[in-house]
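To start, the structure under review is shown below, and the notes come after it.
Order of the sequence lines fixes the chain letters, A, B, ..., with proteins taken first and strands second; residue numbering starts at 1 for each chain. Given the structure is predicted, the values throughout are model-derived calculations rather than measurements.
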Number of protein chains: 2
Amino acid sequence: MGGAPVSDQEQAGGHRQVGVKDVAAAAGVSLGTVSNVLNRPQVVSARTRLRVEAAMADLGFVRNESARHLRAGRSSTLAYVLLDGANPFFTDVAQGIEEAAEAADLSVFLCNSDNRAERELSYLTRLEQHRVQGILITPADPHAAILDELPQRGTPVVIVDRTRGGDTHCSVAVDDVLGGELALLHLIENGHDRIGLVGGPLSLGQVRDRKHGAERALAATGRDPAALLHVETAALTVHEGRQAGQRLAGLPTATRPTAVFCANDLLALGLLQHCVSTGIRVPEDLAIVGYDDIEFAAAAAVPLTSVRQPRRKLGATAAELLLRETRETGHVHEQVLFTPELVVRTSSQGPPRRGITNPPMGAGSAG
Amino acid sequence: MGGAPVSDQEQAGGHRQVGVKDVAAAAGVSLGTVSNVLNRPQVVSARTRLRVEAAMADLGFVRNESARHLRAGRSSTLAYVLLDGANPFFTDVAQGIEEAAEAADLSVFLCNSDNRAERELSYLTRLEQHRVQGILITPADPHAAILDELPQRGTPVVIVDRTRGGDTHCSVAVDDVLGGELALLHLIENGHDRIGLVGGPLSLGQVRDRKHGAERALAATGRDPAALLHVETAALTVHEGRQAGQRLAGLPTATRPTAVFCANDLLALGLLQHCVSTGIRVPEDLAIVGYDDIEFAAAAAVPLTSVRQPRRKLGATAAELLLRETRETGHVHEQVLFTPELVVRTSSQGPPRRGITNPPMGAGSAG
DNA sequence: ATCCAAAAATGAAAGGTTTCAATCAAGCTC
DNA sequence: GAGCTTGATTGAAACCTTTCATTTTTGGAT
């Protein structure tokens with residue numbers, strides 16, 4: 001039996017795609033008119049418009065984004081490639097992006113690179129093939145060649161929560177050096193002398209900057225920046241934070257810090273967890289300052305002092321810069337730098353405990 | 001000097017898109033051959049292939065996904081519309097989806113509906129226009145009409161972390177009734193009599209099911225299901241958890257529960273936070289069981305007993321079902337139900353304190 | 001040399017939408 | 001009612017890739 005020749009477009013459900021052509025036929029108008037109803041409703045008479053709209057509803061017409069894009073040359077999507085989908089900081093940034101994009105009637109593709117370079121590259125390649133309008137990215141490596149190639153080939157890229165030397169890209173970041181400085185100044189003011197830094201890997205610029213800020217604070221107050229005890233972690237996760245706690249606990253009493261600045265809140269929460277479970281009192285035995293001020297920071301058993309970043313604003317601004325870049329001719333890249341803010345909570349309150357087990361290093365004049 | 005006519009495709013950067021045509025010209029071959037190099041490399045001779053590949057690299061050729069898709073009729077993307085981007089549970093499910101998709105060489109569009117119906121609808125519409133290969137969704141309302149219309153029009157939909165009467169969709173879920181039951185049985189076994197439930201809104205099926213399971217456990221052990229004190233929340237967030245804590249604290253001692261089952265971990269963490277800050281000891285004064293076993297549960301100041309769901313597996317299975325549906329002809333929808341597992345930690349250990357009374361909960365009860 | 005089969009390369013058509021110059025209709029003015 | 005103007009509609013071309021039926025080339029066998 002000769003079945004009807006099956007088009008290669010046939011859906012599994014035996015469904016033919018309804019196109020503008022079908023709508024036009026059903027409504028008794030031309031292709032162009034249907035397109036006008038969709039894109040320039042004001043130029044088409046009310047009567048015709050209603051007829052066309054009715055036909056669309058009848059047939060269940062769904063615009064084909066690929067075809068439009070192919071013809072129009074620009075997609076209505078932008079993408080955010082984030083470093084760590086499990087870190088609430090980034091999901092908050094994503095929210096800010098989504099809001100700005102929604103206002104501009106764009107969709108957002110969220111992609112999680114999981115801090116893996118090959119996955120980041122794979123997503124970037126795909127997104128470029130999709131001809132997204134632009135890409136927002138918190139890169140694993142802000143100096144990756146692809147980040148230069150994409151804009152060269154026509155896909156604008158905005159760097160989020162990082163900066164990059166030069167003005168080759170728009171970027172939105174928070175002054176992480178200042179953030180680190182604020183954290184340390186706070187601890188120093190509270191009388192801490194032996195201060196640790198928990199964070200890593202140093203391949204992350206965020207970690208480097210925050211450390212740098214911490215050292216700057218030490219130098220600015222006449223201390224030796226090298227005295228900052230750095231417990232380096234392999235990632236910015238709760239798990240690594242707990243491990244850092246064990247390492248700190250293993251230090252000889254004399255050198256064990258009385259306060260620790262963690263490069264992000266996940267680490268701080270992990271460290272806090274370790275402290276509570278091993279009976280180290282926070283902040284009496286160990287003061288802790290985190291970074292990011294994620295929601296879980298305030299909700300921690302010992303509410304966490306943290307360096308707050310304008311997360312949503314970060315995302316929204318990045319999205320706006322990207323939109324500007326796609327619309328403006330003769331666009332000049334802009335580097336926006338936000339200022340972080342220290343939010344003091346319980347975990348860092350009060351002076352260090354100057355007990356027998358933790359004698360001060362000198363009879364000195366602590367803050 | 002007449003300027004060359006500027007194509008409407010011209011990029012802002014003065015960039016012309018490089019297409020197969022340009023590659024073909026540069027390599028001195030036909031269009032078809034370039035396409036063969038891309039799609040059927042084995043049919044083209046090694047020499048030609050290398051020449052074409054060189055030309056591609058030279059010109060910076062990037063495949064146009066829209067054009068491919070338009071011609072080929074199927075996209076290489078699928079999407080996951082999730083309920084709450086700020087809840088680590090869903091980002092973990094998303095990870096599972098991403099892994100399965102990566103294995104099938106597909107991209108994943110993550111969309112955050114934020115539990116808002118209109119945003120969910122807007123994303124679904126967009127995704128349908130994009131002709132994604134299929135949609136995974138944890139719906140705000142699993143009975144929304146659009147969820148039926150999409151498959152009718154050719155976009156398969158798999159429901160994640162929810163079920164739906166009938167077999168109109170594939171779905172992957174965890175037995176939330178059983179989960180609620182496990183939580184309550186655990187508390188009952190530990191000797192608790194006055195048990196509360198914190199969760200809401202009841203419009204969320206997850207909450208309804210978990211509550212139902214809790215009631216079933218009470219009934220099964222000869223108790224009155226109606227005795228379950230339900231503190232209803234407006235959302236499943238940390239903030240709501242803290243508020244629920246305040247409401248619990250306001251209850252008269254005689255009726256105040258000695259144990260609480262929270263409908264998810266965010267609520268449990270918020271409640272825990274409230275307890276710690278007001279001096280209520282967990283688990284001695286109040287035992288807490290959460291749900292989801294997110295990473296922060298184990299890391300909480302009082303490690304949280306929780307009902308674990310196979311989050312990644314949930315996502316991966318859903319993605320696999322979707323792929324099956326797109327590939328099989330005569331597909332039969334499948335409803336997969338996973339079994340949850342109780343993970344006992346400190347927050348629920350030990351019997352209720354049968355002291356003189358419950359300790360004063362917070363010095364100044366407001367009002 | 002000739003022929004043939006297999007391998008390789010070709011090029012026109014198709015896919016759904018948008019654009020735009022061109023056409024058509026209707027309403028006004030003198 | 002002729003000549004205009006404005007408003008509405010039309011239809012072919014273009015966007016870029018893939019497909020597939022043809023054509024061309026290659027290399028081995030006769």
Report yes if some heavy atom in the side chain of [X] is under 4.5 Å from a heavy atom in the side chain of [Y]; otherwise report no.
X: B/R131; Y: B/T155; result: no
X: B/Q42; Y: B/R40; result: yes
X: B/Y123; Y: B/I137; result: no
X: A/F90; Y: A/Y80; result: yes
X: A/S75; Y: A/H130; result: no
X: A/L136; Y: A/V108; result: no

* Could you tell me whether the side chains of B/S122 and B/T125 share a donor-acceptor contact shorter than 3.5 Å? => no
* To do: Strictly below 4.0 Å, heavy-atom distances to any atom of DNA chain D: list the hits from residues 26-41 of chain A, or just say none.
  => A/V29, A/S30, A/G32, A/T33, A/N36
* Residue-level proximity of residues 48-66 of chain A to DNA chain D when a heavy atom falls under 4.0 Å -> A/T48
Nearest whole angstrom, please: distance from the [atom2] of [N] to the [atom1] of [X].
X: B/L70; N: C/dT18; atom1: CG; atom2: P; result: 12 Å
X: A/Q42; N: D/dG7; atom1: CD; atom2: P; result: 12 Å
X: B/K21; N: D/dT17; atom1: NZ; atom2: P; result: 9 Å

* **Residue-phosphate contact under 4.0 Å: A/R71 side-chain N/O, D/dA14 OP1/OP2** => no
* Asked: For B/V44 and B/R131, take the nucleotide of DNA chain C holding the closest heavy atom to each; which residue's nucleotide lies nearer the 5' end?
  -> B/V44
* To do: Can you run down the salt bridge (charged side-chain N to carboxylate O under 4.0 Å, His left out) pairs that involve residues 93-112 of chain B, sequence neighbours left out, and say none if there aren't any?
  => A/R119-B/E98, A/R126-B/D105, B/E99-B/R312
